[in-house]
Amino acid sequence: MQLVVARIGRAHGIKGEVTVEVRTDEPELRLAPGAVLATEPSSVGPLTIATGRVHSGRLLLRFEGVADRTAAEALRNTLLIAEVDPEEVPEDPEEFYDHQLIDLDVVTRDGTEIGRISEISHLPYQDLLVVQRSDGSEVLIPFVSEIVPEIDLEEQRAVVDPPPGLLDDSQAEIASSREDS
């Protein structure tokens, strides 16, 4: 199974390094020197990681055969894809790979069916579960333990405890209101 583990950003310096937007919880495993990664678009790769280092909080990678800024800049926005055994699971029992979550049924604590997870959206500060409802609409659910207290892979379901208004706008609570001055 293939998983997107990073997206290449801009070139850094003149020796072929690039910044990367990490999309894996295990960068030390997936983005280590010597790792061979498929790419999207596929015509760019495969790419072999020559070196990696952290600079000012960002991961910088250099690939074999990419020796200057021009070659590095040509890789911008390329997705890096790792081959992963579908049976492999993260070390932390509270973490999940996207492929484990896709197609899980989503229900509330009382058993009300919400829909099915169609996608995981990875944002800088938190992940969102994109849930396809039976009527064809979508709802975005923050993937945090307060709102998604249970993932049951055996039963193929995610249990959610949504705050008022998350699933139905008509139930939204107004926290404050502005008065006209």
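Only heavy atoms go into these numbers, but all of them, side chains included; no hydrogens, no water, no symmetry mates.
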Does the pair I117 and V130 meet the rule for a side chain to side chain contact (heavy atoms under 4.5 Å, CB included), with working shown? CA-CA 6 Å; I117 299 173; V130 180; over 6 Å; no

Please lay out, stage by stage, how L104 and L129 fare under the test side chain to side chain contact (heavy atoms under 4.5 Å, CB included). CA-CA 10 Å; L104 291 185; L129 301 177; over 6 Å; no

Run the side chain to side chain contact (heavy atoms under 4.5 Å, CB included) check on L37 and I81 step by step: do they pass? CA-CA 5 Å; L37 302 167; I81 304 166; 6.0 Å; no

Would you check, one step at a time, whether the test salt bridge (Lys or Arg N to Asp or Glu O under 4.0 Å) holds for E150 with R157? CA-CA 8 Å; E150 181 184 346; R157 68 181 184 150; 3.7 Å; yes

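Looking only at side-chain heavy atoms (C-beta outward), V18 and T78 stay at 4.5 Å or farther from each other. Between R109 and P149 there is a side-chain heavy-atom pair separated by less than 4.5 Å. A heavy-atom distance below 4.5 Å is found between the side chains of I8 and L47.
When all heavy atoms of D135 and S137 are compared, the closest pair comes out as OD1-OG, 2.6 Å. Heavy atoms only, all atoms of each residue included: P162 and I147 are closest at CA-CG2, 4.3 Å. Nearest heavy-atom pair across R69 and G13 is NH1-O, 2.9 Å. The two residues E21 and R58 have their closest heavy-atom pair at N-NH2, 4.5 Å. Residues R62 and G16 approach most closely at CG-O, 3.8 Å, considering heavy atoms. Between P33 and G52, the shortest heavy-atom distance links the atoms CG-N, 4.2 Å.
With respect to F143, the side-chain contact (heavy atoms from CB on, under 4.5 Å) criterion is satisfied by exactly one of I151, V160, I120: I151.
To the nearest 0.5 angstrom, L60 atom CG is 8.5 Å from T51 atom OG1. From I102, atom CD1 reaches atom CD of E119 across 7.0 Å, with rounding to the nearest 0.5 Å. In this structure, F63 CZ and I49 CD1 are separated by 5.5 Å, a value rounded to the nearest 0.5 Å. Distance CG/D152 to CG/D105: 11.0 Å, rounded to 0.5 Å. Taken to the nearest 0.5 Å, the CG atom of D161 stands 10.5 Å off from the CG atom of L166. Put simply, CZ on R116 and CG on D103 are 5.5 Å apart, with the number rounded to the nearest 0.5 Å.
More than 12 heavy atoms of other shown residues, nucleotides or ligands fall within 6.0 angstrom of atom CG in L140. The number of heavy atoms from other shown groups lying within 6.0 Å of CZ (R53) is above 12. Other residues, nucleotides and ligands contribute more than 12 heavy atoms inside 6.0 Å of the CD atom of E73.
Residue pairs meeting the ring pair (Phe, Tyr, Trp, His ring centres under 6.0 Å) criterion with at least one member in residues 31-56, sequence neighbours excluded: H12-H55.
At a threshold of 4.5 Å between side-chain heavy atoms, the hydrophobic network of Ile, Leu, Val, Met, Phe, Trp and Tyr places V4 and L75 in two separate groups. Note on V36: it does not cluster hydrophobically with L59, by side-chain heavy-atom contacts below 4.5 Å among ILVMFWY residues. No continuous path of hydrophobic side-chain contacts links V159 to V106 [ILVMFWY only; heavy atoms under 4.5 Å]. Residues I141 and L153 share a hydrophobic cluster, clusters being chains of Ile/Leu/Val/Met/Phe/Trp/Tyr side chains in contact below 4.5 Å. One hydrophobic cluster, built from ILVMFWY side chains closer than 4.5 Å, cannot hold both L79 and V66; they sit in different ones.
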